[in-house]
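Contents: one structure, followed by commentary.
In what follows, chains are A, B, ... by sequence order, proteins preceding strands, each numbered from 1. Small disclaimer: the values here were computed from a predicted structure and weren't measured. Side chains included, hydrogens not; waters and symmetry mates left out as well; all remaining heavy atoms used.
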There are 2 protein chains.
Amino acid sequence: MNTRRVNISDVAREAGVSSQTVSRALNNKGEISVETRQRVLEIVRRLGYRPNTLARGLVTQKTCTLGLVVPDIANPFFSEVARGAEDAAHFAGYSLLLCNAMEDPEREMEALRTLEAQRVDGILLCSSRLAAPKLEALLGRLPPVVLANREPASEAMHSVSIDDEFGALAAMRHLLRSGRRQVGLLAGPPASSSGARRTAGHRAALAEAGLPARPELIVPCAPHLEGGVEGATALLTRYPEIDALLCYNDLVAVGALQACAGLDRRVPEDVAVVGFDDIPLAALVTPPLTTLRSDRRMLGAELVRLMLQALEGCPGGCENVVLKPELIVRASAPSASAA
Amino acid sequence: MNTRRVNISDVAREAGVSSQTVSRALNNKGEISVETRQRVLEIVRRLGYRPNTLARGLVTQKTCTLGLVVPDIANPFFSEVARGAEDAAHFAGYSLLLCNAMEDPEREMEALRTLEAQRVDGILLCSSRLAAPKLEALLGRLPPVVLANREPASEAMHSVSIDDEFGALAAMRHLLRSGRRQVGLLAGPPASSSGARRTAGHRAALAEAGLPARPELIVPCAPHLEGGVEGATALLTRYPEIDALLCYNDLVAVGALQACAGLDRRVPEDVAVVGFDDIPLAALVTPPLTTLRSDRRMLGAELVRLMLQALEGCPGGCENVVLKPELIVRASAPSASAA
DNA sequence: TTGAAAGCGATACCAT
DNA sequence: ATGGTATCGCTTTCAA
């Protein structure tokens, strides 16, 4: 604990060469004789030397580190995204600095400032809860950002999203086709842009079917189980005519199932419930959830792929990858109406 | 993108002072007049200056960054640990470098090497899959390590664990009391030390009850749902007399439930199933899982607390925090035998 | 092919 | 209270 770490000069001294030569041997750069490199690398191994990435980053202006900002790493959606991103980043030689924004815009700002100070090479920003002007103001000073589940703030920006409007539309068509007419929407956090897009899909489906929009059936909710319980209880109590609930995500949907149980509403007979994401839980609850499956690991991997592209200067402009979710029909909202 | 970042000298020049003075203003250190500090800070704000943590870390030998190594961040156990750790770290002014070891010892080694090169101030190592000698060999050169769910390799080391043996013992007593006699054990990854301790609890309970040990009823399994399906199917097919399964974690237990369904064994009538961890899923499957509840967020927070202590030189020796899991009885293994 | 020297951006130490 | 200078560990640039 008290002994100084071995540094490049130690290696150089031991090998009887200069530190630049050691650097060359390590980075496969510049001309260097095969035997010198061999000898140096041997000593590197013997001494257990590891280059200090801080020092290296200071001069190269590259840290080989990416920031990953998520609203809640304990949310299975984001933990899968994180896994996909970590794996892709690792593969490309990057490390990941994890920031949990706790669904709090203030905290998210802090995270971005920290990442800026840490000089990460890029930032993977998932489901930002920041208001558009704030986000845009920040973007100028930050390293390259790739957005997940959020409209790119400028056209010079990569993004990866689940096609939320498409998903909500598909879910609504399914519900309407099976005879539901009063579909409540648990729309997620007010600041969530996926929530906004799902709301748009909800509205579009009603319009398409020539049904009246009832904005009062749309309520925001926290993006977890408890949020679903609260939101669904409020909606069903206030508007007993509701015969279906479209939910912000599967956790919320499970909360909705519990709320229905608490209010003695049968699922799917009285109320159909549809979730979003198809987390492992979805297939295992009773009744199993009808939901929209999204490939979250892929989303994480795509974030990294686009980031690497951005770090090379966006040759060929920016991509906005859109992943289509797939409707998975299970018992909580079956095809033939059981009402 | 093309303009150089503002650095401490820019601020100094603008303020008409030396860079040391700026440093003092920023770090609340050394003597500095109130008005000078005010002026400097004002300019810092105006220029949007953020100290480069690389440069700072290079000289202070502190990066204010901790490494977090987990076998699988998508596993709800570890994503909750990560959340607890991130929150505590953030509160203490530390960032978290996330490494997903993918349940692979080779990859775990790599992660540790990377963290060493990144000069993290400390490493939170969760459920290491490394063999003891390898781990010990590494420990000498690494920054302080706090272990989760693993026996400390040396006495000069902090650790936080779930009391796995206690948990397994409690679960076994519960099963035996309710009349089960042939309890299969899905023991988790061979390299998992929690798995080993749970196996010990399983054995201890049998001995305590004067029942014969049947090592063939103990099989390793991958720590996720599929692992549970495979392991349980193999066990139940080979030893049809099994009337209860103690599972490495809740995901494995859910897999076991599915295996039982596939083999037409009723739960709990024919086979009782007990999980570990009490993840949210546990209460929601059918039948709801009897399991051992552990406070994973707390575990993460404790890891950080002990790390901070270690970074201050372990005054008062090292702690080995043991968190007792709590038996939660649900329908998959009820108190009165329904067999 | 190799080495000497400059510099990345901050802080520590010693003067003043 | 403030500034000068060395330094952290590495890469880059230029000479030899």
On DNA chain D, nearest-nucleotide positions of A/Val22 versus B/Ser18: which is more 5'? B/Ser18
Under 4.0 angstrom between A/Thr21 side-chain N/O and C/dG3 OP1 or OP2: yes
Without decimals, in angstroms, what is the distance between A/Gln20 CD and D/dT12 P? 12 Å
Classify the side chain of A/Arg119 versus the base of C/dG9 as yes if they form a donor-acceptor pair under 3.5 Å and no if they do not. no
What is the distance, rounded to the nearest whole Å, between atom CG of A/Leu58 and atom P of C/dT11? 12 Å
Consider the side chain of B/Arg24, meaning its heavy atoms from C-beta on, and name the nucleotide among D/dT2, C/dT11, D/dT12 that approaches it most closely. D/dT2
Atom CD of B/Gln118 and atom C1' of D/dC10 are separated, to the nearest Å, by 15 Å
Take atom CZ of B/Arg13 and atom P of C/dA10, then tell me their distance rounded to the nearest Å. 12 Å
Measuring to OP1 and OP2 of C/dG9, would you say a side-chain N or O of A/Gln61 lies under 4.0 angstrom away? yes
Quick one: A/Glu31 CD to D/dA15 P, roughly how many Å, whole number? 18 Å
What about A/Arg50: does its side chain form a donor-acceptor pair under 3.5 Å with the base of D/dG9? no
If you compare every side-chain N and O of B/Thr36 against the phosphate oxygens of D/dT2 (OP1, OP2), does one of them come in below 4.0 Å? yes
Rounded to the nearest Å, what distance is computed from the CG atom of residue B/Leu54 to the P atom of nucleotide D/dT11? 14 Å
Are the side chain of B/Arg150 and the backbone N or O of B/Leu130 linked by a donor-acceptor pair below 3.5 Å? yes
salt_bridge(B/Glu116, A/Arg5) N-O dist < 4.0 Å: yes
How about B/Glu110: does its CD atom have over 12 heavy atoms from other parts shown lying under 6.0 Å from it? yes
Any Lys/Arg nitrogen of B/Arg129 or B/Glu108 sitting under 4.0 Å from an Asp/Glu carboxylate oxygen of the other? no
Electrostatic pair A/Asp72-B/Arg83, nearest N-O below 4.0 angstrom: yes
Between D/dT12, D/dG9, C/dA12, spot the one nearest the side chain of A/Asn52, thanks. D/dG9
Please state whether the phosphate of D/dC8, meaning OP1 or OP2, lies under 4.0 angstrom from any side-chain nitrogen or oxygen of A/Asn7. no
Of B/Val17 and B/Val59, whose nearest nucleotide on DNA chain D comes first from the 5' end? B/Val17
Please give, in whole Å, the distance from D/dT13 C1' to A/Asn27 CG? 16 Å
Find the distance B/Ile8:CD1 to D/dC8:P and express it as a whole number of Å. 19 Å
Presence of B/Ser23 side-chain N/O under 4.0 Å of C/dT11 phosphate oxygens OP1/OP2: yes
Below 4.0 Å: OP1/OP2 of D/dT2 and any side-chain N or O of B/Ser33: yes
Under-4.0 Å side-chain N/O to phosphate OP1/OP2 contact, B/Lys62 with C/dT11: no
Could you check if a side-chain atom of A/His158 sits within less than 4.5 angstrom of a side-chain atom of A/Pro152, using non-hydrogen atoms only? no
Return the nearest nucleotide to the side chain of B/Ala55; candidates are D/dC10, D/dT12, C/dA10. C/dA10
